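Down below is the structure, laid out as structure tokens.
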Amino acid sequence: MTDPTPNDGQRELIENTKGLYLVDAGPGTGKTFAITRRYGTIVDQPDVEPEDTLLATFTRSAATEMKERIVDHSTYGLRELADAPIQTFHSHCHDILREHGYAAPTHLGLDERITDSTRLIDDELIEAELFREFFGGFRDDHPEYADFYRVLSSPGELLDLIRELASKGVFPTTEGWYRDGESHLDGDFEAFKERFDAVNEPRNDGRKQSVLRDDLSRFGRNKTYLSDAPSKSELRGGRGTKQLGDDVAADVFHEDREDLKSFVHDVYIEYLRFALCRNYLNFGFLQLFAFVLLCEDRRVRRLAQFEYVMVDEFQDTSEIQFKLALLLSGTDNFCAVGDWKQSIYSFQYADVRNILDFEDRLAQFSTDLNGDAERVAFDASDLTRIELRENYRSTESIIDLSERAIVTPATGGEEVDASLDDVVELSSNAAFDNTAVEEITHEDEHEAVLSTIQEIVGNDDYAVEGDGGDPRPPEYRDIAVFTRTRDYGRELLEVADEYDFPMAYDGGIELFRTDPAKLLLAWLRILDSDADRGWAVVLERIGYTYDEIEHILETDAYPSDPAAFRDELRGSESIGAVARRVLDRYGYTDDRADVLLHTIQSVYDSTTLTRGELIRFIERGIENGTIVDVRASAGDDSVTVQTIHTAKGLEYPIVILANMNDGSFPPRSSGSSVIQYQDPVGLRQRKIYSEERPSPHVYDNWRSDVLRRCLPREYDEERRLLYVAVTRAENHVVFAAGAEPNTFFEELPADDKAIDPSVEPLDREEFTDAELPFTVTTPQGPISQTPHTLMDETVFEEIDARMEATLETEPETRGVDFGSRVHEFAEAYVLDEEVTPSNPHERRIVDFVDDLPGELYVEEPVTLPIEIDGHRVTISGIVDLVHVTADQVDIIDYKTDGTRHAQSEYRKQLSVYYHVISEWFVGKDVTASLFYTTDGTREQVTPLTSEELRSLVQTGVEM
DNA sequence: ACCCTTCCGATTTTT
DNA sequence: TCGGAAGGGT
């Protein structure tokens, strides 16, 4: 592909090894070729060894590829390069800490040490588990932060925040914040003011109010603020005002955040301490300690610094990685290679500004690092920019299309920031340009895509470049279908399967942490040994309460229905049949269940696993959160389906970009967590708990609401994703959309191709290789140490204890709970959706509604209402509670949403129960009410009459 | 301005 | 389920 003789840009990069370089390397420009040759030039100098040169990559596989290609072109062999620092930032940091990291924590004031036995936790779910454990202890030790706990929706929110701060170089010390960390948390008013002014500019020469003022016309709507919030008119100015006052910017920005900062600080430092005590680090902490060490310890820094530093995929680096790269440079022989248009990893803390504002950031970071001591020596004004301009992959037409993509608005009115001035123009090297850029729209999008593929294969109109550069008709293997989400890819594969279409998914699926997998595991355990761990899950699912389950497990007196099902399963010939029956029983027929079925079947078929081993296999899958890697086998002549992220770095003759529908390229939202860090406004809290007034207790933070509206929604990364997708193509691109095409689809120039989807079923024999469209890799590696429970036992212990306590004080209290499935069923049935009853509870609902106001009897699974601190609590699975005393029946529906939202939907739900229950408890006074757990208030609901219910069933319309 | 109701969207993946 | 946003009525 890449010409062995470097072109001008590549040669400039390869030959100039001294000094500071920023290389713009667009798609298909032979970047890897140039970097590896440059590396060769560097280490082939007589006085330079591989250990003097750092080549940082983004992934391990990229590092491996680099090494292999260097070996091909230099005097060094693979063995000599085995230990060379050609690696990811993370693994390099790991190495630094292993060698010099023992006392690194002391620089933050921590007494703990990093030792050889300190592990790296590479599974986020295991870390989440550990963090939960940590946070539980933290809560007990720090009652002073109660107001923060009450607004947090989950501890995971804080872990996310900590990770983000770590990636930005904001670290805590035992005394406060490391270096200038606190200023990041406070934010940057000047930078904020600029954005504020930008959205506060009146429009139409001052005749129309600013975007911001318009946006705030609904200020306070659906919100509850504390009394210090200004009124809407105070905030926006009177009638006729065109923009917000200047003072508003300062007013919303400046907020007392001392308590918030100290809360976050304490959680952060204590979590670091916890991790070190437990002898582990996460990826972020690896970089955190490496950075601190390099900053504080001059000896280590000198030892660790390189004569040459090259960073590949620079657009994917985070702020801390940029700074680490600088600290690791002993000279200014520094070379960053990347393409801002391909920065699509912000969720992994990649910061596109590292490459877009390279010079500014370099100057800024160097100054920061040199604040108190001379650490790095860079002069940003000595920067040489190199542009790689020759594209060896795509035709000129594809390149033109990609340039359009990067500036295409994502919604009707969006103004795109990027302009083509920032895009380095590429020229194509393709042998010919017969490019088709087409678009198809059809309601049956999946079928339409498959039909299109059939149309393309073997068709000379879609010729691709053959081996000798001559055109040849395309085959299945030349085509890739890209999607934004995994889900869409799986759906497509599902449809393809129906037609025996040669199509293979390429990417990862977290298969085992799904309900179907857990239930299957439970039934396998029951089959194997009537294991309690299996029965508990099955019974809980049916709706038995904890004490009932305990009783059943003790006496082995299993209910007749599931026991019969177990016996039925025992008669199944194969594991596949068992799995299918279990999934059918619970109504799992979606694609995910099918993949699970496929996986189980193929693992069982292709290995010699016994049932017991299969159980262990699934258990490991759940414990490790195993992503089942599903890959196209290379030899198959089949279409590849993958997410755009997975496709980065790859190339295909023909690309179909599917699911170009409304909402499939979502805007980057400001996040929904209560406590968040945001550039440039710093650390902010969106909800505030306060008991000052009786109700409600949780208030919205008006400043946060205004601040958010000053930072516009961004589609920049979605555009870059689009760019990445298009630039994978060598010859042709097809956009596909369903019923509601998005703006990208509408705006991009493409020939509209009418389509009448009819997929020709293929002869399976012809594609025997593709028969099983994926292979499954058995999870490897050590089994995690976290004990795994399908049921959260602490919750049940808690419930049990409280039940005992309540029973002692209120022996009269009795209640009933329904499983949420019955709840859902009832609602669906009343609303005349097509549902078939599958258990006794559901059949009773059917009988009841069909025969209103007929008789209804419900067997009584009994439980007790649960009270904690005088408040009823919502416990997952118990949605509705019926509270029964001698002469009174209370039907209660728990809601966490305390301040807003209509009761109408709830009324429909509750009404069904109301009628069921009042039939049941003839002679008692029955009431229905909503219980708001946020503030403890309770509201009586007037249930629909039987007539209204009946009419609902008949008309199917809302009241 | 306030209240009630309905609608919409729940990513991506590597270290 | 559950928040955010927006539309409609008074």
Side-chain angles (χ1 to χ4, degrees), chain A residues 56-63 87-94 120-124 127 153 163 166-167 215 217-223 231-233 281-287 290 313 316-318 320-321 343-350 482-489 507-510 625 627 629 642-649 659 661-674 686-687 698 700 705 708-709 713 717-718 720-721 724-725 740 820 823-824 827 874 876-877 879 893-909 934 958-959:
Chain A
T57 63
F58 188 54
T59 64
R60 275 194 276 244
S61 62
Q87 55 189 156
T88 64
F89 275 105
H90 290 99
S91 69
H92 188 64
C93 289
H94 207 177
L120 170 68
I121 300 280
D122 58 0
D123 184 331
E124 292 203 357
E127 198 201 352
S153 48
R163 287 203 187 114
S167 80
D215 215 12
S217 65
R218 292 170 182 273
F219 175 77
R221 149 173 286 219
N222 300 336
K223 302 273 182 183
S231 73
K232 198 167 87 183
S233 55
L281 293 175
N282 63 22
F283 287 112
F285 292 170
L286 226 47
Q287 295 181 152
E313 305 280 14
D316 290 330
T317 52
S318 62
I320 189 73
Q321 285 169 339
S343 174
I344 56 174
Y345 283 101
S346 69
F347 61 86
Q348 208 201 303
Y349 309 116
F482 295 157
T483 90
R484 181 74 179 77
T485 58
R486 291 172 179 161
D487 277 352
Y488 182 91
I509 303 177
E510 194 184 70
I627 305 261
D629 247 345
Q642 53 197 174
T643 63
I644 301 171
H645 284 91
T646 321
K648 197 181 175 206
N659 195 14
N661 294 305
D662 209 28
S664 63
F665 283 71
R668 207 142 99 70
S669 64
S670 45
S672 60
S673 42
V674 172
R686 289 181 58 176
K687 304 249 182 214
V698 177
D700 296 286
D705 281 353
R708 200 154 37 93
R709 284 167 211 279
R713 284 168 165 242
E717 187 156 328
E718 301 305 310
R720 299 196 291 262
L721 216 48
V724 168
E740 289 176 271
S820 54
H823 185 284
E824 275 168 30
E827 193 188 355
T874 310
S876 174
V879 203
D893 199 19
Y894 290 111
K895 296 293 165 205
T896 52
D897 182 346
T899 48
R900 336 181 324 266
H901 263 305
Q903 294 179 8
S904 62
E905 304 163 62
Y906 306 148
R907 229 182 125 206
K908 288 175 205 159
Q909 295 174 4
T934 39
E958 56 280 37
M959 301 175 299

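Letters A, B, ... are given to chains in the order of the sequence lines, protein chains preceding strands, and every chain is numbered from 1. Because the structure is a prediction, the values reported are computed rather than measured.
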Charged N-O contact under 4.0 Å between Asp700(A) and Lys687(A):
yes
Distance col, row Thr88(A):OG1 vs His94(A):NE2, nearest 0.5 angstrom, shows 10.5 Å
For the OG1 atom of Thr643(A) and the CG atom of Asn659(A), what is their distance to the nearest 0.5 Å?
12.5 Å
Could you tell me how far apart [X] ([atom1]) and [N] ([atom2]) are, to the nearest whole angstrom?
X         : N       : atom1 : atom2 : value
Phe219(A) : dA1(B)  : CZ    : C1'   : 14 Å
Phe347(A) : dT15(B) : CZ    : C1'   : 12 Å
Phe482(A) : dT12(B) : CZ    : P     : 16 Å
Glu717(A) : dT12(B) : CD    : P     : 13 Å
Asp705(A) : dG3(C)  : CG    : C1'   : 12 Å
Leu120(A) : dT15(B) : CG    : C1'   : 8 Å
Tyr349(A) : dT14(B) : OH    : P     : 16 Å
Asn282(A) : dT14(B) : CG    : C1'   : 14 Å

Mind telling me whether Tyr345(A) and Phe58(A) have parallel, tilted or perpendicular rings, with 30° and 60° as the class edges?
tilted
Of the candidate nucleotides [options], which contains the atom at the shortest distance from the side chain of [X]?
X         : options                  : answer
Arg221(A) : dC2(B), dT15(B), dT13(B) : dC2(B)
Thr59(A)  : dT12(B), dC2(B), dT14(B) : dT14(B)
Thr643(A) : dA1(B), dA6(C), dT13(B)  : dT13(B)
Pro666(A) : dT15(B), dG4(C), dT11(B) : dT11(B)
Arg218(A) : dG9(B), dA1(B), dA6(C)   : dA6(C)
Arg486(A) : dT12(B), dA1(B), dG7(C)  : dT12(B)
Lys223(A) : dG4(C), dG9(B), dT15(B)  : dG4(C)

So, do Asp316(A) and Lys648(A) sit near enough that their side-chain heavy atoms are less than 4.5 Å apart?
yes
Side chains of His645(A) and Arg484(A): does their closest heavy-atom pair fall under 4.5 Å?
yes
At under 4.0 Å between heavy atoms, what does Phe665(A) touch on the DNA or RNA strands: base, sugar-phosphate, or nothing?
nothing
Return the 5'-most residue of the pair Ile344(A), Lys232(A) with respect to DNA chain B, ranking by each residue's nearest nucleotide.
Lys232(A)
Closest-nucleotide 5' rank along DNA chain B - winner of Ser664(A) and Ser61(A):
Ser664(A)
Tell me whether the side-chain N or O atoms of Arg484(A) pair up with the base of dG9(B) as donor and acceptor below 3.5 Å, since no angle test is needed here.
no
Looking only at N and O atoms, is any donor in the side chain of Arg708(A) or the base of dG4(C) less than 3.5 Å from an acceptor on the other one?
no
Distance between C1' atoms of dT12(B) and dC2(C) (Å, rounded)
22 Å
May I ask you to evaluate whether Thr646(A) reaches the phosphate of dT13(B), defined as a side-chain N or O under 4.0 Å from OP1 or OP2?
yes
Within less than 4.0 Å of OP1 or OP2 of dG4(C), is there a side-chain N or O belonging to Arg686(A)?
yes
